[in-house]
2 protein chains.
Amino acid sequence: MEKRTFKDNIYTAIAGLTKAFSSPNRLEIIDLLANGEKSVEQIAAQTAITVANASQHLQVLKNARLVKTRREGNFIYYALNGRKAYAAWKAIRDLAMEQEPAVQITLRQFRQEAGSAAGLSYDTLPQNDRVLFLDVRPLDEFSAGHLEDAHSIPMSELSERLAELPRDKTIITCCRGPFCTYADEAVQLLNANGFTAIRMEENYLDVQILKEEKWQN
Amino acid sequence: MEKRTFKDNIYTAIAGLTKAFSSPNRLEIIDLLANGEKSVEQIAAQTAITVANASQHLQVLKNARLVKTRREGNFIYYALNGRKAYAAWKAIRDLAMEQEPAVQITLRQFRQEAGSAAGLSYDTLPQNDRVLFLDVRPLDEFSAGHLEDAHSIPMSELSERLAELPRDKTIITCCRGPFCTYADEAVQLLNANGFTAIRMEENYLDVQILKEEKWQN
DNA sequence: CAAGTGTTCAAACATATTCTTGAATAGATT
DNA sequence: AATCTATTCAAGAATATGTTTGAACACTTG
């Protein structure tokens, strides 16, 4: 094989993969699927994408092997395909948060308006009995994976279940990650009700990766 | 700010970044620049891209803040902008090598024809005096950064400088990374001349990241 | 200041990508 | 077998992207 042919083939193949990452809608889908499998309808409902369009994006992701499918009854559930697929999305996300001004500005402005200020990074958080980790994602996402010591109250039920929460601890709200707004809404609600709440920046997968890296060495 | 506006802005901004990664030519440029700064002409010469086209791709990369520039005399030198930019490219590359059949097949076939078989990963390599690390990249790239204990002979000079190499050690050739062919050519030349040579899979930056991760924890 | 060199720009063309709409399909339920 | 439901497909319009070509620009050197 020619040296040039080799390189062309390699970089073209990888570009096929990165193209799957290069649409806002697909990024939102990836970010969503990182929190557990979802049907096409569920995905369409949680994003501003129509069902047909979501289906097409999912085909693109599937052809790039970024997602895998599972059928159950009438539903086809899509899920992220493998740890490295998430790792790639995380690397891109981290890069954007570090050096993409539009991302930084938008994040800062939204958080400021939402009253949730800057989120805290997991590894700067105290791990003692003065804090409570509160996962406000829908229950099925919590079931699919969560921080060991997290308490679950889906955002949709939070206002009715405030009694479950301690008033003498700092509540760390966690959700789907830095671009998810559940944790911001939770912080707002909790602070308005006399609790002390802060949002965590990462999602549980990020924390898991962090811990694995620590163990590994 | 509306929740929806927030997410649209965020994911659109990040997609702007990933689009910069989504062209074969730009990926080749990124992979090249990871080994040290280069002028537009140099980049065009090392790839199959015309100067004008390379310049345009570089503008795209610059707008995405993936590369930075430095002027010296008549030349403008482009370099990768920051560790996270490389980390993102590496995450994508690793993902592709793990689960993109086209990449795996092309790599295997090329290496087989080149007689360099499968490359070895740095962390599986013995670090004793039975091996010699031989960096066959051009001298300026070696100068920009290399493995501590590596010996440098640019591929273009290798055939005339074989006398410098020991016949009683295993020679580990290293170059720009898994998609660079210098190390394969070197292995072929060395084996044909009675040396024992194997190519290393990673480049020096990958090894550096690997070592940092070990130190960190 | 003129000439030379490296780089960028602008226009034009061909090709890809995205979203919408409405119909088709595959599997489950009745 | 007929019906229902979730999902996918197909076609078309609007927009975006990649490459080539030739000219323009910016800086250095004579």
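In the text below, chain A, chain B and the rest are named by the order of the sequence lines, each starting its count at 1. Nothing here was measured: the structure is a model prediction, and the numbers come from that model.
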Quickly work out the B:Ile76 CD1 to C:dC9 P distance and round it to whole Å.
-> 10 Å
Using a 4.0 Å cut-off on protein heavy atoms (strictly under), produce a 5'-to-3' string for nucleotides 21-30 of chain D with B for base contact, S for backbone-only sugar-phosphate contact, and - for none.
-> BB----BS--
Write down the distance between CD1 (B:Ile29) and C1' (C:dT7), rounded to a whole number of angstrom.
-> 14 Å
Ion pair present between B:Arg199 and B:Asp184, side-chain N to carboxylate O less than 4.0 angstrom?
-> yes
Whole Å only: how far is the NZ atom of B:Lys62 from the C1' atom of C:dT7?
-> 11 Å
Would you say the side chains of A:Gln42 and A:Gln46 form a donor-acceptor pair under 3.5 Å?
-> no
Distance in angstrom units between B:Arg70 CZ and C:dG6 C1', rounded | 15 Å
Flag the pair A:Val187 / A:Ile198 as yes when at least one side-chain heavy-atom distance between them is below 4.5 Å, and no otherwise.
-> no
Phosphate oxygens OP1/OP2 of D:dT17: is one of them under 4.0 Å from a side-chain N or O of B:His57?
-> no
Assign each of B:Glu41 and B:Lys19 the nucleotide of DNA chain C bearing its closest heavy atom; nearer the 5' end lies the nucleotide of B:Glu41
Hey, do the aromatic rings of B:Phe21 and A:Phe21 have their centres closer than 6.0 Å?
-> no
Would you kindly give the OH-to-C1' distance between A:Tyr77 and D:dT7, to the nearest whole Å?
-> 13 Å
Whole-Å distance separating the CZ atom of B:Phe75 from the P atom of C:dT5 = 11 Å
Let me know, please, whether B:Gln42 or A:Ser22 comes out on the 5' side of the other along DNA chain C by nearest nucleotide.
-> B:Gln42
Within the pair A:Tyr78 and D:dT8, is there a side-chain N or O less than 4.0 Å away from OP1 or OP2?
-> yes
Could you tell me whether A:Glu2 and A:Lys7 make a salt bridge, using a distance below 4.0 angstrom between a side-chain N and a carboxylate O?
-> no
Mark yes when over 12 heavy atoms from residues, nucleotides or ligands other than A:Gln112 sit less than 6.0 Å from its CD; otherwise mark no.
-> no
Between atom CD1 in B:Ile43 and atom P in C:dT7, what is the gap in whole Å?
-> 9 Å
Rounded distance in Å - CD (A:Glu28) to P (C:dT18) | 15 Å
Do A:Asn25 and A:Ser23 have side-chain atoms, one donor and one acceptor, less than 3.5 Å apart?
-> no
